[in-house]
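Have a look at the structure below before the remarks.
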Amino acid sequence: MKLLLDENVPNDLRKDFPAKHEVYTVDYMNWKGIKNGALLTVMKQEGFEALVTVDKGMSFQQSIKDSPVVVIVLRARSNTHKFLKLLLPKVLDVLEKEPRSGLFVIQ
């Protein structure tokens, strides 16, 4: 699965995903500053299937619920690599089900 880590997710988290996933960052794609709705559209055009973010406000945006890609919002004690890495097994469980779209909040 081709995944994008939002700009608010530590770039180091990409190394923790199994090799079967193609994981890119907003930094790497040079997409910093693109607003959420536009980002999801660009992601779909570029073949991305899921966005991983810590942006809690995304779950309240109407456009996210109708997103063309899977949106996974991580809620951890801290947005540091150390704490977000602990949520990775739950993220992988969601991805194993191969959803085509939808919003998933993982705590």
Side-chain angles (χ1 to χ4, degrees):
M1 186 173 272
K2 190 172 179 183
L3 312 170
L4 182 69
L5 300 183
D6 203 358
E7 61 187 83
N8 52 20
V9 175
N11 290 345
D12 286 346
L13 191 64
R14 69 178 288 278
K15 299 174 195 168
D16 298 316
F17 282 83
K20 70 180 182 176
H21 296 291
E22 292 178 62
V23 184
Y24 297 86
T25 65
V26 167
D27 256 353
Y28 178 82
M29 297 302 296
N30 201 25
W31 289 346
K32 271 191 163 186
I34 297 177
K35 300 294 180 196
N36 294 337
L39 179 62
L40 297 174
T41 300
V42 170
M43 285 177 60
K44 187 65 176 177
Q45 292 170 351
E46 294 294 323
F48 283 91
E49 299 167 89
L51 172 68
V52 177
T53 185
V54 295
D55 184 351
K56 294 177 179 119
M58 285 190 94
S59 57
F60 299 107
Q61 296 177 15
Q62 184 60 35
S63 62
I64 302 305
K65 294 175 181 152
D66 300 325
S67 169
V69 298
V70 174
V71 177
I72 299 173
V73 179
L74 303 179
R75 291 191 178 162
R77 187 181 198 179
S78 166
N79 292 342
T80 61
H81 178 250
K82 174 183 172 181
F83 288 102
L84 294 177
K85 182 178 178 176
L86 297 175
L87 298 177
L88 197 57
K90 291 180 181 180
V91 171
L92 296 174
D93 283 346
V94 167
L95 297 176
E96 284 297 316
K97 295 175 183 156
E98 297 187 16
R100 296 291 174 231
S101 63
L103 173 69
F104 300 85
V105 179
I106 297 177
Q107 302 184 64

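What's counted below: heavy atoms across the whole structure, side chains too, no hydrogens, waters or symmetry copies.
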Q | Audit row: V42, F48, side chain to side chain contact (heavy atoms under 4.5 Å, CB included) steps and yes/no | A | CA-CA 9 Å; V42 170; F48 283 91; over 6 Å; no

Q) Do any N or O atoms from the side chain of K90 and from the backbone of Q107 form a donor-acceptor pair under 3.5 angstrom? A) yes

Q) Just wondering, do D27 and E7 contact through their side chains at under 4.5 Å, heavy atoms? A) no

Q. In terms of hydrophobic clusters joined by side-chain contacts under 4.5 Å, are V73 and L87 together?
A. no

Q | Electrostatic pair K15-D12, nearest N-O below 4.0 angstrom | A | yes

Q) When hydrophobic residues are tied together by side-chain contacts of less than 4.5 Å, even through go-betweens, does V71 share a cluster with V26? A) yes

**Q.** Neighbour count >12 (heavy atoms, 6.0 Å) for atom NZ, K2
**A.** yes

Q: Assess whether side chain to side chain contact (heavy atoms under 4.5 Å, CB included) is satisfied between L4 and L39, documenting all intermediate values.
A: CA-CA 10 Å; L4 182 69; L39 179 62; 4.0 Å; yes

Q) Do L40 and P68 have side chains that get closer than 4.5 Å, going by heavy atoms? A) yes

**Q.** Atom pair CD/CZ of E22 and R14 - distance to nearest 0.5 Å
**A.** 10.5 Å

Q: For the residue pair L5 and N11, establish whether any side-chain heavy-atom pair is separated by less than 4.5 Å.
A: no

Q: Kindly work out whether a path of hydrophobic side-chain contacts (I/L/V/M/F/W/Y, heavy atoms less than 4.5 Å apart) joins L51 to V9.
A: no

Q.
Parallel, tilted or perpendicular: which one describes the rings of Y28 and Y24, with boundaries at 30° and 60°?
A. tilted

**Q.** Working for side chain to side chain contact (heavy atoms under 4.5 Å, CB included), residues K20 and M1
**A.** CA-CA 7 Å; K20 70 180 182 176; M1 186 173 272; over 6 Å; no

Q) Can you get from F83 to I106 by hopping between Ile, Leu, Val, Met, Phe, Trp and Tyr side chains that sit under 4.5 Å apart? A) no

Q.
Does I72 form a side chain to side chain contact (heavy atoms under 4.5 Å, CB included) with L95? I'd like the steps, not just the answer.
A. CA-CA 10 Å; I72 299 173; L95 297 176; 3.9 Å; yes

Q) What's the spacing between L74 CG and L88 CG if we round to 0.5 Å? A) 8.5 Å

Q. Are F104 and L84 co-members of a hydrophobic cluster defined by side-chain heavy atoms under 4.5 Å apart?
A. yes

**Q.** Minimum heavy-atom distance H21-L3, with the two atoms named
**A.** CB-CD1, 4.0 Å

